[in-house]
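Here is how names work: the chains are called A, B, and so on, in the same order as the sequence lines, proteins then strands, and each is numbered from 1.
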Amino acid sequence: MEILLAILVGILYTAGVYMILRRSIVKFIIGIIFLSNATNLLVFLASGIISGKPAFVGEELSHASDMADPLPQALVLTAIVIGFGIVVFTLALKYKFFELTGTDDLDQLKKTDT
Amino acid sequence: MTITALPILIPFMLIILMIISKSVIFSKLTGIAGSFVLLLISIFIFNLLSEKGFLVLNMGGWKSPYGITLVIDYLSSLMLIVTSIIVLAIAIYAYSFLSSEQQTTKFYIFFFSLIMGVNGSFVTGDVFNLYVWFEVILISSFVLITLGNSKEQLEGGIKYLALNLLGSLFFLAGLGLLYGKTGTLNMAHLAEILRNDDQAILMNTSAVLFFIAFGIKAAVFPLFFWLPASYHTANITVSSLFAGLLTKVGVYAFIRFFTLFFVYDQIFWHKLLLIIAGFTMVIGGMSASVHYDTRKILSYHIISQIGYMIMGLGIFTPLAIAGAIFFTIHNMLAKTNTFLVAGLIYKLKGTFYLKDIGGLIKQSPILAILFIIPAFALAGVPPISGFFAKFMLIKAGIDDGQYVIAFIAVLTSLLTLYSMIKIWNEAFLKKQPDNDFAEQKQKLGFLEMLPSIILGAMSILMGVFAYKVFDITMQAANQLIEGSAYINNVLNM
């Protein structure tokens, strides 16, 4: 399972980096979504995945190995929510920008650089 | 102690009040009153520190390292005080410098959520909690930077957003790997584990991710490109706020992480920090010298000054760390002040472009004085704050045998002086060229100049009472380098 997830994280990072290097702003946002999901999976994976064990147990727990670590799940959950918020804001910003300029091309964004 | 949470709770209460009331006048006044309360609370917290040196609060009663811990030490407390001084100044400034359609409760709500994020990152003792506060800062700054909805602002906003989002992804990845390797995210617990571990070098994978994340936040070379592309587009009130606070949160995180727990493998990290510091100083200073838009000069200038703070961290003696802290505080005050004065110049002349304006010394001598204080502070003219900050850093560099970086720091001061003199010559001394901007004859009111007067007075006081500030920063630096007191205070509550 770890191997599979590791490969998936790798693929998501590759796809994300490819997408944020495209010229279109929409594709850039899709790239950000890929990257943030890849990072969420990475956090989840790096803290160790345990199959078939509950994260929350009652008083009768005999040994720590009988439960899954709830912290990485909480971390990833928070990170996913934050990611949602940011993607929504990015899309709104892109919509506003498109309304004002009619362009989706990152190469047109050169006014504020020099 | 419950008071530890107040720097976060006060802005939160203000936000709720503003959402409920929906009245702009009410928001303006509560903004000013609230930031004054924040300042009083921060000073009170600082006084409490003299007893034990630390204030620790375990949120929700979960014992650290299991729950989220809030920790205030001298470094956090100093940053809190300076932040609230800047917040007070900006709250007054916003009163007269936001155009009427921008002056909504929306501005004040996101202004205080930004402050909540900044205070939260100074107070927290938990790595994941720091990530959350960084996101709070990010989202509110996105809204603030695109406040006017003009084309430039949206464009600057997209650039700002793109790089900073990548930065927080790096942060999250580093944090995940760190948790996987150590099983904890509490800073004190991390320090306890990593300081006594002979395999700590394995942490370098996480450390380098944190390094990139904070590098983007702090705008160091070569990760600073979002800053000059976006800071000059926003409303001048917002630019001043960002100039004073945002990059310094990155610097704070650098200082916290690389003194508390990434302390193994010192030769590599300190060399890297010094190289980056040198490049940041020189490239920021040189880029500032080619521009003629006040806000662009000052934006590049922020980058150049970040180099000094990183330099202090790279030398890593108590004096150097104290110098970095001193410099950070001084820079937050003086840098915000230069942006405020740029706004005042804009109010009088109607443009930020230096070639179009001139003759301000006759038109408004008070403004000239208001400009010269932060300008001298930044350039390092005694007896204003910047001189002592630079003196400490350069002395620490020479004491430690780091002659190259000390030499670069001295040279960069000349670049700073050059760009300040350029603004001075073009805007104040030169005769007003014959163009459209010559006509405007607006007068500046006292309320408009008050924020700049407050910050200027703070810069001068910091210079005059430099020995006191020096003592406090030395205490903060010793606390950071010692580390054991931090660990004991947090873990053995």
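At a 4.5 Å heavy-atom cutoff, the contact between B:Tyr131 and chain A is made by side-chain atoms alone. B:Val143 touches chain A through backbone and side chain together, each having a heavy atom under 4.5 Å away. In this structure, chain A has heavy atoms under 4.5 Å from both the backbone and the side chain of B:Phe142. Of the two parts of A:Leu35, the backbone and the side chain both hold a non-hydrogen atom closer than 4.5 Å to a non-hydrogen atom of chain B. If you measure heavy-atom distances from B:Leu177 to chain A, the contacts under 4.5 Å come from both the backbone and the side chain. Only the side chain of B:Leu185 comes within less than 4.5 Å of a heavy atom in chain A; its backbone stays farther off. Neither the backbone nor the side chain of A:Leu45 has a heavy atom closer than 4.5 Å to any heavy atom of chain B. Residue contact with chain A, scored on non-hydrogen atoms closer than 4.5 Å, is absent for B:Ser287. The contact between A:Tyr13 and chain B is made entirely by side chain atoms (from C-beta outward), counting heavy-atom distances below 4.5 Å. Using a 4.5 Å cut-off between heavy atoms, B:Lys181 does not touch chain A at all. Using a 4.5 Å cut-off between heavy atoms, A:Ile29 makes no contact with chain B at all.
With a 6.0 Å radius and a threshold of 12 heavy atoms from other residues, nucleotides or ligands, A:Phe89 has its CZ atom above the threshold. Within a 6.0 Å sphere centred on NZ of B:Lys422, heavy atoms belonging to other residues, nucleotides or ligands number more than 12.
You'll find the side chain of B:Leu175 reaches within 4.5 Å of the side chain of A:Leu75, heavy atoms only. Counting only heavy atoms from C-beta outward, the side chains of A:Ile82 and B:Leu172 never approach each other to under 4.5 Å. At a threshold of 4.5 Å between non-hydrogen side-chain atoms, the residues B:Ile158 and A:Phe28 do not count as touching. With contacts defined as side-chain heavy-atom distances shorter than 4.5 Å, the pair A:Thr101/B:Leu154 does not qualify.
B:Tyr179 contributes atom OH, which lies 3.5 Å from atom CG of A:Asp69 (distance to the nearest 0.5 angstrom). Between A:Lys94 atom NZ and B:Leu161 atom CG the span is 13.0 Å, to the nearest 0.5 Å. Note that CD of B:Glu152 is 9.5 Å distant from CG of A:Leu100, once rounded to the nearest 0.5 Å.
In plain terms, the two heavy atoms of A:Ala46 and B:Gly176 that are nearest each other are CB-O, 3.7 Å. The shortest non-hydrogen separation linking B:Glu135 to A:Ile86 is OE1-CD1, 2.9 Å.
No option in A:Leu42, A:Asn40, A:Thr39 other than A:Thr39 meets the side chain to side chain contact (heavy atoms under 4.5 Å, CB included) test with B:Leu169.
Ranked by non-hydrogen atom pairs under 4.5 Å with chain A, the options B:Phe170, B:Tyr66, B:Phe128 are led by B:Phe128. Here A:Ile32 is the residue among A:Ile25, A:Ile20, A:Ile32 with the most heavy-atom pairs under 4.5 Å with chain B.
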